[in-house]
Amino acid sequence: MPETSTTAGAGTVARPGSPGARAHAVAHQFEDAEQQYEAANLGMWVFLVTEVLFFGGMFTVYVVYRSMFPAAFAAGSHELDFVLGTVNTAVLITSSLTMALAVHAARAGGRGAQVAWLAATMALGAVFLGIKLTEYAHKFAEHLVPGPSFRFAGPDAPQAELFFSLYFVLTGFHAVHMVIGLGLLGVLTTLAWRGRFGPSYFTPVEVSGLYWHFVDLIWIFLYPLLYLIDRHH
Amino acid sequence: MEAARPAVHYLNADYGVRSWLFTRDHKRIGLLYLASITAMFALGGMAALLVRLDLLTPAGDLVSDDTYNKLFTMHGIIMVFFFLVPSIPAVLGNFLVPLMIGARDLAFPTLNLLSWYIFNLGALVTLWAVLTGGVDTGWTFYVPFSTAASNTNVVAAALGIFISGFSSILTGLNFIVTIHRMRAPGMSWLKMPLFIWSIYATSFIFILGTPVIAITLALVGIERLFHIGIFDPALGGDPILFQHLFWFYSHPAVYIMILPSMGVVSEIIPCFSRNRIFGYSFIAVSSLAIAMLGFLVWGHHMFVSGQSVNAGLIFSFLSFAVAIPSAIKVFNWTATLYRGSIWLQAPMLYALGFIGLFTIGGLTGLFLASIGIDVHVTDTYFVVAHFHYIMVGGAVMGYLGGIHYWWPKISGKTYPEGWAKIAALIVFIGFNLTFFPQFVLGYLGMPRRYHVYPPEFQVLNVMSTAGASILGIGYLLPILYLVWSMRYGQAASENPWHATGLEWQTPSPPPTENFSETPIVVDGPYMYRELDAEEVKRVA
Amino acid sequence: MHTSHPTISTTTYFVIFVLLLCLTGLTAGVAQIDLGRLNTPAALAIAATKAMLVVTYFMHLRYGSALTRIAAATAIVFLAILIGVTMEDVVNRRTGVYLKGITPTQSIGAWMDVGQEPAAPLPR
């Protein structure tokens, strides 16, 4: 059962020559393109709710342990690279801007603009991951990766190891989500290059945009929670 | 009402294995799930059979201690995650939701198919864990045993459950979007069948709860694999924190298991008493209330864990509160029966059995919610009996009732009613013989998860095992006669039960597109008196 | 295709972007100042503000349906329940209602402390 077979009440007509002008067919279970778009939008938001709870479990662990071991968490936080963390935050925020502009371009129809902004988002995402990998490499060299090789100079070494466990788990899952996001962006950029998106059909761009902004949202909280504990000391 | 079996319908619209394995039709996907979960039920049942066999004697001489631990663990994991959680939503929900709301399919048919493959992948990984040594932590995976001390396939089992969680999430997502966005014209929220309300409420739990068990088991796996201490007490880790995270999902999970079953009962009772359901909006709102309140009571699994006394008090109080919407439903179903024209076909037998057994299970839940009692009976067979009354006496009976009720629609055939009644009776008798003695055993002090017990408990254990064998036969019979009916059963009409609801206004089995034209809903649900009055007028 | 809500202009996006960068700078700066117990609430407040900007403008919730807003709110509410109730237990393990004659350090919570000696035996 092909999902994009047209039926009565099928795709809309777009301005001829504009990207997305090939009217995107409405899947057979929907009444019209509007319903299809609304369903996709709601679907992505519902999925993001699951992501909030997924990361939320880790945030719960963080809140509990930080309340139990504030000094150890502060000591651990001091070992993180403040500059790289701040730069990465700016990088991700910028990538959210470029993503929003990509969605805007898809709605407006300019193929070049779409591809440019999507590619920019990918590039910024790659920069973020590059910086993250650098940080991980540093931590590995400094023996701050939890496990048998963990070595922490300080009174609360075991609890600091707990901090670093959380650091790696939180940023690790975040990085996995970014990699998936980069994959999505790669597909989108290719499809945008082929002129698939335009005023009559831009749902995948918008919906992927929601996902990408969400990944940014998680980092917006991770940054202060991990990098900015007791920085005034 | 006399429409013959249609020539072309969803079962024969396309032939071949590929047409099934790559289908996007929600009805076929429902049947694919039926196959998967029946297989898992059989496996979980075999584990239970071995457990009960071992418990025939007090000495624990059938299997070793370690093997016994693995058996009850696998029974729990398979039954909870791979049977009860998906059963009604993935089989009956997938099949019926579009039909009941007048849609051609769910919102995301490809995601629906994907969810089935993900489910199977999770099941295979878990089975691999079983076959290559098993898991002995209990389905509850408590730390630090699961992370540090157990030397069984914890990571594989956790991974299998993690994977299957995505199946739940996709299913719940599909239902929420479909119910919100794709109801037929005229079907307002208060005209929806109560089964849809219960699937909707269940979907909330899928979305909000499943991710938490996913991350929790992921953390256990990560800790075990990479020796990254998260729950390790030596580093300051908190085992009670694991329990909070685990039960935050696993308590609402039991509402995932019971709400759809309640939805089935809400469909069957009006039909087989020919009455409008009593208190429709109360039942609808109660479904939502159970889903919401169900997220606030998880600590009643932790009364003796060392959590704060305050937390215990709050959870105890809220656990009493969450019983109220369930009780409202039981009252309303019973009131629906009053002055009804009771028709004791197999679905009704299951539904009536549900009401009685669920009530017993629910009431014993109140005993457990009371901390003073719980301290004595926690971790005993009292708890085991309590949740089996709800899960088996409740959820599974509802599931079987639903399978029978909608079987004509699903298969286009009628099942043999005589055999179905016998099977229902065997299930009822077998069930009570299995689990009622366990209330007594628990109250007398027999702990759960032990296969060595004081000899004075043997009689009750033997009764329980005898009941389990009878129950097994009761479960086997429907598999046999339902499969038989697919080939040899009488053709079913469009509406053999003279039921209300859009699913009964399309042929049995339905065409792939469900409806030749999008239906327009005018009447409210469960207008049985009016329907029967019309029938009488027409026949007269 | 769908004209159900107005599009947000690129200018707005840039304004929000600059705001987000400023707030990032702010939180980095505030972290260097000792505000005592207010450091963490301040950081979280700034993060929440940034989050609201992203959700409202970049994720278009400004013009979203009531349903998507409820979905977003529901996620936050249930996360708050998870964290809040768990923390209630963590914070209160050594307080609460006790039987006459038993002090908090002798309660069931005390021996759960990491690194502490087991409590003295309960009075008979």
Side-chain angles (χ1 to χ4, degrees), chain B residues 173 176-177 179-181 203-205 207-213 215-216 229 231-249 251-252 288 291-300 302-316 318 371-372 375, chain C residues 1-5 55 59-61 63-123:
Chain B
L173 191 157
I176 288 180
V177 176
I179 293 171
H180 269 285
R181 292 278 181 244
S203 299
F204 266 117
I205 311 178
I207 295 301
L208 293 168
T210 313
V212 178
I213 189 75
I215 187 61
T216 307
F231 299 112
D232 184 358
L235 300 180
D238 185 8
I240 302 182
L241 174 59
F242 169 84
Q243 294 185 31
H244 280 298
L245 290 170
F246 178 84
W247 288 112
F248 182 83
Y249 164 78
H251 185 80
L288 295 178
M292 299 286 124
L293 281 176
F295 273 98
L296 301 178
V297 300
W298 76 83
H300 65 223
M302 299 164 58
F303 284 144
V304 297
S305 64
Q307 75 178 354
S308 78
V309 180
N310 286 354
L313 288 174
I314 296 170
F315 283 123
S316 173
L318 289 169
I371 303 182
V375 168
Chain C
M1 177 166 68
H2 78 112
T3 50
S4 42
H5 64 79
V55 168
M59 296 174 82
H60 302 160
L61 212 56
Y63 301 108
S65 64
L67 191 50
T68 44
R69 291 180 189 181
I70 292 174
T74 307
I76 309 295
V77 165
F78 279 83
L79 180 56
I81 291 172
L82 171 58
I83 295 179
V85 178
T86 304
M87 279 306 296
E88 190 281 332
D89 165 43
V90 169
V91 161
N92 282 326
R93 284 211 196 137
R94 269 156 289 296
T95 61
V97 175
Y98 291 97
L99 300 176
K100 193 166 135 176
I102 297 180
T103 62
T105 49
Q106 293 166 319
S107 77
I108 193 168
W111 59 271
M112 298 293 290
D113 281 348
V114 172
Q116 282 199 9
E117 296 299 311
L122 298 177

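Below, chains carry the letters A, B, ... as their sequence lines are ordered, and counting in each starts from 1.
In this structure, CD1 in Ile207(B) is found 12.5 Å from CZ in Phe78(C), a value given to the nearest 0.5 Å. Taking OG of Ser65(C) as the reference point, atom NE2 of His180(B) lies at 9.5 Å (rounded to 0.5 Å). Atom-to-atom distance recorded for Ile81(C):CD1 and Trp298(B):CH2 is 7.5 Å, nearest 0.5 angstrom. We find the CG-CD distance between Asn310(B) and Glu88(C) to be 5.0 Å, quoted to the nearest 0.5 Å. Of the inter-residue distances, the one linking Leu208(B) atom CG with Leu82(C) atom CG reads 11.0 Å to the nearest 0.5 angstrom.
For Phe295(B), the parts lying under 4.5 angstrom from a heavy atom of chain C are both the backbone and the side chain. Interface remark: Ile314(B) contributes side-chain atoms only to the contact with chain C (heavy atom separation under 4.5 Å). For Leu67(C), the part lying under 4.5 angstrom from a heavy atom of chain B is the side chain only.
Taking both residues in full, the closest heavy atoms of Ser308(B) and Asp89(C) are given as N-OD1, 2.5 Å, listed atom of the first, atom of the second, then distance.
Residues Val90(C) and His244(B) have side chains not in contact (no heavy-atom distance under 4.5 Å, counting atoms from C-beta outward). Between Thr74(C) and Met292(B) there is no side-chain heavy-atom pair separated by less than 4.5 Å.
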Verdict with reasoning, Gln307(B) to Thr86(C), per side chain to side chain contact (heavy atoms under 4.5 Å, CB included): CA-CA 9 Å; Gln307(B) 75 178 354; Thr86(C) 304; over 6 Å; no
